[in-house]
Participant: 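Got a structure here, written out as structure tokens. Questions coming.
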Number of protein chains: 2
Amino acid sequence: MDAKIEEIYGQVLQKVVPSSSKKEKILNLAEDVKKRVSSELDVVMSDVRVIVGGSVAKDTWLDDEADVDVFMLFPTSLNKEKLGEIGLRVAKNALRGFSQKERYAEHPYLEAEMDGIRVNVVPCYLIEQGKWLSAVDRSPFHTVYVRERLQAVDLRDEIRLLKKFMKGIGVYGAEVRVGGFSGYLCELLVLNYQSFHNTLEAASEWTLGMVIDIENLYHGRFDEARRYFDAVLTVVDPIDANRNVAAAVSYERLGEFIMACKIFLKKPSISFFYPEVEIPLSPSLFQKKLSTASFDLLFLLFDCNVTVPDVLWGQLYKSLRAIRKILVQNGFNVLEVSAWSDEKRRNILVYALESRLISASNLHLGPPIDSKEAVDFLAKHTGAESTVIGPWVEGNRWIVGLKRKYIDAASLLRDRLSNGGKDTGVGKILFEPLKNSLKILVNEEIIPFYSSDLDYALFMSSFIRGKPKWLI
Amino acid sequence: MDAKIEEIYGQVLQKVVPSSSKKEKILNLAEDVKKRVSSELDVVMSDVRVIVGGSVAKDTWLDDEADVDVFMLFPTSLNKEKLGEIGLRVAKNALRGFSQKERYAEHPYLEAEMDGIRVNVVPCYLIEQGKWLSAVDRSPFHTVYVRERLQAVDLRDEIRLLKKFMKGIGVYGAEVRVGGFSGYLCELLVLNYQSFHNTLEAASEWTLGMVIDIENLYHGRFDEARRYFDAVLTVVDPIDANRNVAAAVSYERLGEFIMACKIFLKKPSISFFYPEVEIPLSPSLFQKKLSTASFDLLFLLFDCNVTVPDVLWGQLYKSLRAIRKILVQNGFNVLEVSAWSDEKRRNILVYALESRLISASNLHLGPPIDSKEAVDFLAKHTGAESTVIGPWVEGNRWIVGLKRKYIDAASLLRDRLSNGGKDTGVGKILFEPLKNSLKILVNEEIIPFYSSDLDYALFMSSFIRGKPKWLI
């Protein structure tokens, strides 16, 4: 490792490792939450354990970014509905007086703010390892596993470096919106490669379909694991051979991570950890960029209120792909696509197209000249309303020039989505919102909305650049 | 065979079989030519045989379409140059007083007109079978072979039906311009299938790469013949196992023939043999068609004087393909293409494009995210002048949006062909003509020329329809 890199690591560690007093403060807060929840639980049920989990319990949190996670371990005699209901009520009462928000993952949990620190109180089941009833049940086992491993070799600060690096390049977070690397995944990677730097070096050489099996649960049968998980990256969960901790990682975030590792190792810079703060383009500059751009932008705006972010983003991304397919199948060449949401009401799908308008006709390849299908092809297209030229033979096929149904991408989507996009592959939850509130805008027509929403302006400024911010 | 078909065949035969008196007249003419050539030859060389060949000798010619072919069989002691020189001089003297034209195939021959009949006097070598020195040397052997076979079974009128059918649907003729079926090939097909109707039925089921080996020269090893000839259709020459009589047949003419057979058998009509005479669209109607067409036409006009038609058309078709490739590689979607020539001076390549103008940017797929090439791809495109958006990751690849160099097909070709098209695959003989005289016109700009040349008007009227005339 060269001096330059070592210096950078030192600088980052100075910032991300919390001081002893900070650690003490957070641990005290966690104990306080635990006590409040425990005493509130005693009123309702006996024998429910309460534990502190997450990065605070493992001492892998980043300074100024602590999240206190407290788990209530309910008996399995409670059904899922009751678990959520009771868990939420207990948590609310326990943290009365603090700002609170109900959240939903697989079941509800409470998010609160205490002393400027985010606190999550999460109900789950007390179960034997492997007999999971919900995804969150594994969490306490993860905590135990990582703590034990870190007692043997202290890699806490190495983990902090990796988390900060991933945050800096925008690949941190297993939520659907991001499709990146979870905190637990960062911990496992460092445990596997034994240092942050080793992890970077290894990841810079990763190939698609990589399998990492720290506890050797597949006994070296990587192909079996690869086929079983069928993921861009597989990191077998040490406490559950059937779970891929990297299941959320998308091609996009994996590709960005691999490339960021390569570039950082070649040209190390602290900006990978601490990128420049982005400022959105001013509306007039944005408008100027659009008017001189060599592509067209198509915006689909609609109102939709889905309370669970992962569900919302799942629906948005699914719809983004489905609508892209409509465009491509109708001859529109799509450059970049993305989705934005304020996670309250406003949602926007955006498509950068080579061109919003395309030719009035298109080449349609028919069957081989010696095929049975050729007769039907000619019967269908000869003299047809939709035929503009042909059919003729070229190479070994019959070919015809057809009139396109749509030469304007906006008209195409207005038609296809007028019923909410049923039968197009658009997310079900979005049928009604699309049907009732869809507006399709082109290029500069987005300026009024751009000017009204700073977060959106930031998103669009990044979108029209189109490349990861660390890529210079 | 149903009554309707039988009736049609009867009608066609009435027209294409020459009367006895006509046959006698043509044979007399042939004998007359033979005598004139023989006596002229006696002055120059002794022991040169003169024979009547072609369809007149085989009695397979179509009424009103007789071509008298007379061959002079020179000894192999003469070199090729001398063969042409002496052959041409003798022929010219022999047919003094009749209208004459020098023609070139592999070597020169004389075309003359006598009594309204076209007469060809062709020098070739007298050789043993198989020891061919030029392509035309096989011709006398073909005549002998076919005559012998037809003496056993008289299929002359069946051959006449096939020739007329092929002429009617536009697939007759082995010259480069047509890329179709020669008269000898028609004769062999009927000899193989034993009737015109059988030939149609068989051909309607032909598959690409068919091998027909009448004299069983490959002993049933069709795969061997197929690999050796590597043609869309192989008909092994009964007098030469190394020659494919169907070598000239193109995908286009084969596909049209197969389909015409299918449609004729399903919906028989005499119009396959006698299509309606085509009349070009009036210039104003043509102009109207262009202005309402859903595609754009690009015309490359240049002057070029190549005396051997097969050479000219070879160069034109080669250039047509090369220039199409330039268009496609630059993002222009090409519908139909064709070439026209007056075979004297004016030549035109025509391209029907989905659109003459295309988007200013285009999607450029990069390497996989886990490849070594990804680093170079990003180094090349990040922040480059030509990059309009990206690079970003999509699926397993890096992708970038690039600025196109050309958005107008006419500008593209003006640039690329300004030096005559060297290094583009354009025919060598056309380099100078393209460099010196190329004019590129778009859509209605062709109208003045269209109005000035009836043959071209006919060609273009057919081109913008784009389908074979028998396809309704």
Side-chain angles (χ1 to χ4, degrees), chain A residues 205-208 210 232 250-256 258-259 262-263 266 293-296 333-337 352-355 358-363 368-370 374-375 378 382-383 387-401 403-404 463-468 471-472, chain B residues 205-208 210 232 250-256 258-259 262-263 266 293-296 333-337 352-355 358-363 368-370 374-375 378 382-383 387-401 403-404 463-468 471-472:
Chain A
E205 303 283 326
W206 277 354
T207 53
L208 274 167
M210 265 299 286
V232 298
S250 64
Y251 276 121
E252 288 75 5
R253 296 301 90 77
L254 178 69
E256 288 163 7
I258 292 173
M259 186 54 64
K262 285 182 178 170
I263 297 182
K266 224 168 163 183
S294 303
F295 49 85
D296 286 325
N333 292 333
V334 179
L335 297 166
E336 211 192 357
V337 304
L353 305 174
E354 284 183 13
S355 177
I358 54 174
S359 63
S361 64
N362 76 309
L363 191 72
I369 53 175
D370 59 351
V375 174
L378 293 193
T382 305
T387 294
V388 299
I389 187 167
W392 69 93
V393 177
E394 195 177 287
N396 69 336
R397 289 170 171 272
W398 282 95
I399 292 188
V400 69
K403 194 178 291 178
R404 284 193 203 275
F463 179 84
I464 64 165
R465 203 177 48 222
K467 61 180 181 185
L471 189 59
I472 310 168
Chain B
E205 304 284 324
W206 277 354
T207 52
L208 274 166
M210 265 299 287
V232 298
S250 63
Y251 275 121
E252 288 75 4
R253 296 300 92 76
L254 178 68
E256 288 163 6
I258 292 174
M259 186 55 64
K262 285 183 179 170
I263 296 181
K266 224 168 161 183
S294 304
F295 49 84
D296 286 326
N333 291 331
V334 179
L335 296 166
E336 211 191 356
V337 304
L353 305 175
E354 284 183 11
S355 177
I358 55 174
S359 63
S361 64
N362 76 310
L363 191 73
I369 53 175
D370 58 350
V375 174
L378 293 193
T382 305
T387 294
V388 299
I389 187 167
W392 69 94
V393 177
E394 195 178 286
N396 69 335
R397 287 169 171 274
W398 282 95
I399 292 188
V400 69
K403 195 179 289 178
R404 285 192 201 276
F463 178 83
I464 63 164
R465 202 175 48 223
K467 61 180 181 185
L471 189 58
I472 310 168

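Numbers restart at 1 for each chain; the letters A, B, ... are given by sequence-line order, proteins then strands. Just so we're clear, the structure is a prediction, and the values are computed from it rather than from any experiment.
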Participant: Please round to the nearest 0.5 Å and tell me the distance separating atom CD1 of A:Ile389 and atom CD1 of B:Ile464.
Facilitator: 7.5 Å

Participant: Would you mind telling me which of B:Lys262, B:Arg465, B:Met259 has the largest number of heavy-atom pairs within less than 4.5 Å of chain A?
Facilitator: B:Met259

Participant: Nearest 0.5 angstrom please: A:Asn362 CG to B:Ser355 OG, how far?
Facilitator: 12.0 Å

Participant: Of the backbone (N, CA, C, O) and the side chain (C-beta and beyond), which part of A:Val334 lies under 4.5 Å from a heavy atom of chain B, both, or neither?
Facilitator: backbone

Participant: List for me each residue that meets salt bridge (Lys or Arg N to Asp or Glu O under 4.0 Å) alongside B:Glu394, sequence neighbours excluded, and say none if there are none.
Facilitator: A:Arg324

Participant: Out of A:Val400, A:Leu363, A:Thr387, return the one with the most heavy atom pairs under 4.5 angstrom to chain B.
Facilitator: A:Leu363

Participant: How many angstroms lie between atom OH of A:Tyr251 and atom CZ of B:Arg397, to the nearest 0.5 angstrom?
Facilitator: 11.0 Å

Participant: Between A:Ser294, A:Ala360, A:Gly255, which shows the greatest number of heavy-atom pairs under 4.5 Å with chain B?
Facilitator: A:Ser294

Participant: OG of A:Ser359 to CG of B:Asn333: how many Å apart, nearest 0.5 Å?
Facilitator: 6.5 Å

Participant: Give, as side chain, backbone, both or neither, the part of A:Ile258 having an atom under 4.5 angstrom from any heavy atom of chain B.
Facilitator: side chain

Participant: What part of A:Ala293 is in contact with chain B, defined as an atom under 4.5 angstrom from a non-hydrogen atom: side chain, backbone, both or neither?
Facilitator: neither

Participant: Is it the side chain or the backbone of A:Arg404 that comes within 4.5 Å of chain B heavy atoms, both, or neither?
Facilitator: side chain

Participant: With a 4.5 angstrom heavy-atom cut-off, could you sort out which part of B:Trp392 is near chain A: side chain, backbone, both or neither?
Facilitator: both

Participant: Name the region of A:Ile358, side chain, backbone, both or neither, that has any atom closer than 4.5 Å to a heavy atom of chain B.
Facilitator: neither

Participant: Can you tell me which portion of A:Leu378 sits under 4.5 Å from chain B's heavy atoms? Options are side chain, backbone, both or neither.
Facilitator: side chain

Participant: Grab the two heavy atoms, one from B:Thr382 and one from A:Lys467, that are nearest each other, plus how far apart they are.
Facilitator: CG2-NZ, 3.8 Å

Participant: Considering the options B:Asp296, B:Leu353, B:Leu335, which one meets the side-chain contact (heavy atoms from CB on, under 4.5 Å) requirement together with A:Ser361?
Facilitator: B:Leu335

Participant: When rounded to the nearest 0.5 angstrom, what is the spacing between CH2 in A:Trp398 and CD in B:Glu256?
Facilitator: 5.5 Å

Participant: First locate atom CG of A:Asp370, then atom CG of B:Leu208, and finally report the distance between them rounded to the nearest 0.5 Å.
Facilitator: 4.0 Å

Participant: Suppose we screen for side-chain hydrogen bond (donor to acceptor under 3.5 Å, both in side chains). Which residues come up paired with B:Glu336, at least two apart in sequence or across chains?
Facilitator: none

